[in-house]
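Per chain, numbering begins at 1; letters A, B, ... match sequence-line order. Note: hydrogens, waters and symmetry copies are ignored here, and every other heavy atom, side chains too, is used.
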2 protein chains.
Amino acid sequence: MDAGYRLPTTRPAGEDCRQSLPSPLYKFDSTAITKKGRRGQQISSPSAHTGHIFFVTSGLARKFAIQPDGHRHIVNLLLPGDIVCLDGGIEETYFLEAAIDDTVIVGYTRRRIEELIAADPQFGREIQKMVLHSLARLERQLLILGRITAIEKVAGFLLEFAARLSQEKPNTLTLPISRYDIADFIGISSETVCRCMTELTRRGAIALPQPRQVTIIDRDILEDTEH
Amino acid sequence: MDAGYRLPTTRPAGEDCRQSLPSPLYKFDSTAITKKGRRGQQISSPSAHTGHIFFVTSGLARKFAIQPDGHRHIVNLLLPGDIVCLDGGIEETYFLEAAIDDTVIVGYTRRRIEELIAADPQFGREIQKMVLHSLARLERQLLILGRITAIEKVAGFLLEFAARLSQEKPNTLTLPISRYDIADFIGISSETVCRCMTELTRRGAIALPQPRQVTIIDRDILEDTEH
DNA sequence: CGCATACTTGATAGGTTTCAAACTGAGTGG
DNA sequence: CCACTCAGTTTGAAACCTATCAAGTATGCG
């Protein structure tokens, strides 16, 4: 039931996926590794790709950790245009997986990125901007996880994700991920995610024509619920 | 009772605080702004310092947001050597405050940083490393906030903070912050922080000679509790 | 048509927030 | 010097919320 979901996108599939890359990366690069994955496929391993920086060009990727007790925590959901790196420090083992079919990432060595920045300062500013956005998004996620009740977290997630998808219809969003993914992303159980969705519907904040189809009926209610 | 707490440090106070800056920033810079704050003082406002990058050189700073309902959430605790930026995107209003007395931050414009990187690639790699560490730490914080029970979060916080302080005695740490700060940092109530500390003591994981003085008695128990 | 996966709802046990009150220690002024 | 004040810490009790286990529903696919 899940495999058919795709992110709404204005760009056709195929080579044009490189549109979400910064311009200096348009041209093919011998040092670049491109990986395409179907839903659930691991598209990068930390050990094999140390020193690499990845760009998500299409689909949706999830970066997560598995706790010793078996719990999965998704630390990041990555959309086209997002940047991700798997070895930021004394790294715990994160996994990078395709969350939906036809997810493509392109990886460059950090050295190659440096060379390109040296050759084109404007490219450096683009990368800098992407990293700053990445930091800002992680902090917003911290705010969502720091909320007290589950419904606050779900409301926050919906608003954040709707803003990120930023489609032509900002009040209609198609969730590309399951309740399980949402649960592991905002740190509550999948059952509670369901209950909160139902409760938000009951309050008139959203409508759920289909489980993955969310319509924001009253954004004010949703924003009030968030806090 | 709080004002006397200082982070243990090997370096003397004063000018030498610049030791935690990357080398190209050692020399004074006309574009740099240096701010020193006592506990509770706001040391930077987002509006006044757009486009700036700050380096914490001594003390401890807290970056936090105030929710509409009045709740404070600390998204980051910043130690000497940490880098922080207040305008990462369509920024919500974060505050940057000194968490203890004699906290010093030095701010540079992003343009100045770019110039220094252009002049010295090695400096660029230092900054890059600092940013990557910053990202990695935010993700670890997400993992802590994503845990289910409160005692898991407290155990995770203690291990993370002990690692960051990295003193000569890795099993003895002096908390520079109150239970309230810890609570607002890991997203639980301050009373629950207390109860978890007591419970960890009862389990033989830690000892609390004083409220702010934590001794790790059995790291294995602490790490088991974390998951 | 039946299976597998995802979603939803129910009941219960357990944990956390909240409100309350007592305790501690440091600094202050009489 | 001591009582006082105040912020921080700790513990208690009750209400509330969530995780967990369980069962039932819906939907796409073979």
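Note on residues 51-62 of chain A: pairs passing salt bridge (Lys or Arg N to Asp or Glu O under 4.0 Å), not counting sequence neighbours, are A:Arg62-A:Glu97, A:Arg62-A:Asp181. The salt bridge (Lys or Arg N to Asp or Glu O under 4.0 Å) analysis of residues 191-208 of chain A, with sequence neighbours excluded, yields the pairs A:Glu199-A:Arg202, A:Glu199-A:Arg203. Residue pairs meeting the salt bridge (Lys or Arg N to Asp or Glu O under 4.0 Å) criterion with at least one partner in residues 215-224 of chain A, sequence neighbours excluded, do not occur; the list is empty. Within the structure, ring pair (Phe, Tyr, Trp, His ring centres under 6.0 Å) pairs that include any residue of residues 172-227 of chain A do not occur (at least two apart or interchain).
You'll find that the side chain of B:Ser178 is closest to D:dG8, out of D:dG8, C:dC7, D:dT10.
Per the geometry, CG belonging to A:Asp69 stands 14 Å off P belonging to D:dA19, to the nearest Å. Rounded to a whole Å, the OH atom of B:Tyr180 is 13 Å from the C1' atom of C:dT18. In this structure, CD1 of A:Ile177 is placed 10 Å from P of C:dC7, rounded to the nearest angstrom. A:Asp181 places its CG atom 11 Å from the C1' atom of C:dA6, with the value rounded to the nearest Å. When rounded to the nearest whole Å, the span between CE of B:Met197 and P of D:dT11 equals 12 Å. A straight line from CG of B:Leu208 to C1' of C:dG25 spans 16 Å, rounded to a whole angstrom. In this structure, CD1 of A:Ile188 is placed 12 Å from C1' of D:dC17, rounded to the nearest angstrom. The distance between atom CZ of B:Arg179 and atom C1' of D:dT11, rounded to the nearest whole Å, is 13 Å.
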One character per nucleotide, please: for nucleotides 9-15 of chain C, 5' to 3', B when the base has a protein heavy atom closer than 4.0 Å, S when only the sugar-phosphate does, - otherwise.
BBB----

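For the OP1/OP2 pair of D:dG8 and a distance below 4.0 Å, the side-chain nitrogens and oxygens of B:Arg39 include at least one atom meeting the criterion.
Salt bridge annotation for A:Arg164-A:Asp82: present, with a cationic side-chain nitrogen under 4.0 angstrom from a carboxylate oxygen.
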In a table with atom names and distances, give each donor-acceptor pair under 3.5 Å that connects a side chain of residues 146-157 of chain A to protein atoms at least two apart or in another chain.
unit_1: A:Arg147; atom_1: NE; unit_2: A:Glu226; atom_2: O; d: 3.0
unit_1: A:Arg147; atom_1: NH1; unit_2: B:Gln67; atom_2: OE1; d: 3.2
unit_1: A:Arg147; atom_1: NH2; unit_2: A:Glu226; atom_2: OE2; d: 2.8
unit_1: A:Glu152; atom_1: OE1; unit_2: A:Ile148; atom_2: N; d: 3.0
unit_1: A:Glu152; atom_1: OE1; unit_2: A:Thr149; atom_2: N; d: 3.2

